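As the structure is a computational prediction, the values presented were derived from the model and not from experiment.
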Amino acid sequence: VQLQASGGGLVQAGDSLRLSCAASGRTFRSGATGWFRQAPGKEREFVAAITWSGRNTYYAESVKGRFTISRDNVKNQVYLQMNRLIPEDTAVYYCAAEQLGYSGSSYYTSQARYYYWGQGTQVTVSS
């Protein structure tokens with residue numbers, strides 16, 4: 001599975017962006033997908049995750065109520081709708097997918113759960 005994140009850019013505080021994560025190769029069929037971000041000088045952190053069915057979603061407290069994760073399994077795409085962006089959202093955003101048949105114990109918010117990673121897309125929010 002190869003993941004390609006896109007949709008980043010330079011926006012002003014209060015604006016919106018939608019990130020997309022496209023999968024090629026084998027599909028996400030059995031896998032949850034997550035978004036993580038890494039700001040300059042900081043460690044990569046969890047943003048949001050969604051199960052294969054889409055019935056369950058998970059968010060970091062810092063983005064809850066502003067970001068929405070969704071997926072279209074027919075198109076092999078996962079999206080992150082980001083509204084009311086703030087300068088603290090500035091980071092490189094990565095999408096990640098768990099391996100088919102994942103049976104580990106790491107939670108959806110943990111980077112350890114995810115095996116496939118995209119190359120990242122830059123989001124910059126100016127004040």
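When atom types are taken as modelled, the side chain of Asp72 and the backbone of Lys75 share a donor-acceptor pair closer than 3.5 angstrom. Of the possible polar contacts, one joining the Glu98 side chain to the Ala32 backbone as a donor-acceptor pair under 3.5 Å is found. With hydrogens and angles disregarded, no donor-acceptor distance shorter than 3.5 Å links the side chain of Gln122 to the backbone of Gly8.
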Tyr108 vs Thr51, test: side chain to side chain contact (heavy atoms under 4.5 Å, CB included). Steps then yes/no. CA-CA 9 Å; Tyr108 293 99; Thr51 55; 3.6 Å; yes
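Ile50 and Phe36 are not part of a single hydrophobic cluster, where members link through side-chain heavy atoms under 4.5 Å apart. Both Val63 and Val78 belong to a common hydrophobic cluster when Ile, Leu, Val, Met, Phe, Trp and Tyr are linked at side-chain heavy-atom distances under 4.5 angstrom. The hydrophobic cluster containing Leu19 also contains Val11, counting ILVMFWY residues as joined when their side-chain heavy atoms lie under 4.5 angstrom apart, directly or transitively.
The ring of Phe67 has its center no closer than 6.0 angstrom to the ring center of Trp35. Ring pair Tyr59/Phe46: centre-to-centre distance not below 6.0 Å. Aromatic rings of Tyr107 and Tyr58 (six-membered ring for Trp) have centroids within the 6.0 Å cut-off, being under it.
For the residue pair Arg113 and Ser106, the shortest heavy atom distance occurs at NH1-O, 2.6 Å. Listed here is the closest heavy atom pair of Trp117 and Tyr115: CD1-O, 3.6 Å. When all heavy atoms of Ala13 and Ser127 are compared, the pair lying nearest together is CB-CA, 4.4 Å. Heavy atoms only, all atoms of each residue included: Gly65 and Arg84 are closest at O-NH2, 3.2 Å. Between Leu17 and Leu85, the shortest heavy-atom contact is N-CD1, 3.9 Å.
A cation-pi arrangement, defined by a distance under 6.0 Å to the six-membered ring centre and an angle within 45 degrees of its axis, is absent between Arg37 and Tyr93. Tyr79 does not carry Arg71 over the face of its six-membered ring by the limits of under 6.0 Å from the centre and within 45° of the normal.
Taken to the nearest 0.5 Å, the CD1 atom of Ile69 stands 9.5 Å off from the SG atom of Cys95. Rounding to the nearest 0.5 Å places CG of Leu10 at 8.5 Å from OG1 of Thr90. Here Asn76 contributes atom CG and Ser24 contributes atom OG; the two are 9.0 Å apart, rounded to the nearest 0.5 Å. Thr33 contributes atom OG1, which lies 11.5 Å from atom OH of Tyr116 (distance to the nearest 0.5 angstrom).
In this structure the side chain of Val47 reaches within 4.5 angstrom of the side chain of Leu80, judged on heavy atoms. Taking the side chain as every heavy atom from C-beta outward, Val92 and Thr121 never approach each other to under 4.5 Å. A heavy-atom distance below 4.5 Å is found between the side chains of Ser16 and Gln81. Within the 4.5 Å cutoff, the side chain of Val125 has no heavy atoms near those of the Glu88 side chain. Two residues are said to be in side-chain contact when any heavy atoms from C-beta on lie closer than 4.5 Å; Tyr94 and Gln111 fail this criterion.
Not counting sequence neighbours, Lys42 has no partner by the side chain to side chain donor-acceptor pair (under 3.5 Å) test.
Between the side chains of Ser6 and Gln4, not a single donor N or O lies within less than 3.5 Å of an accepting N or O.
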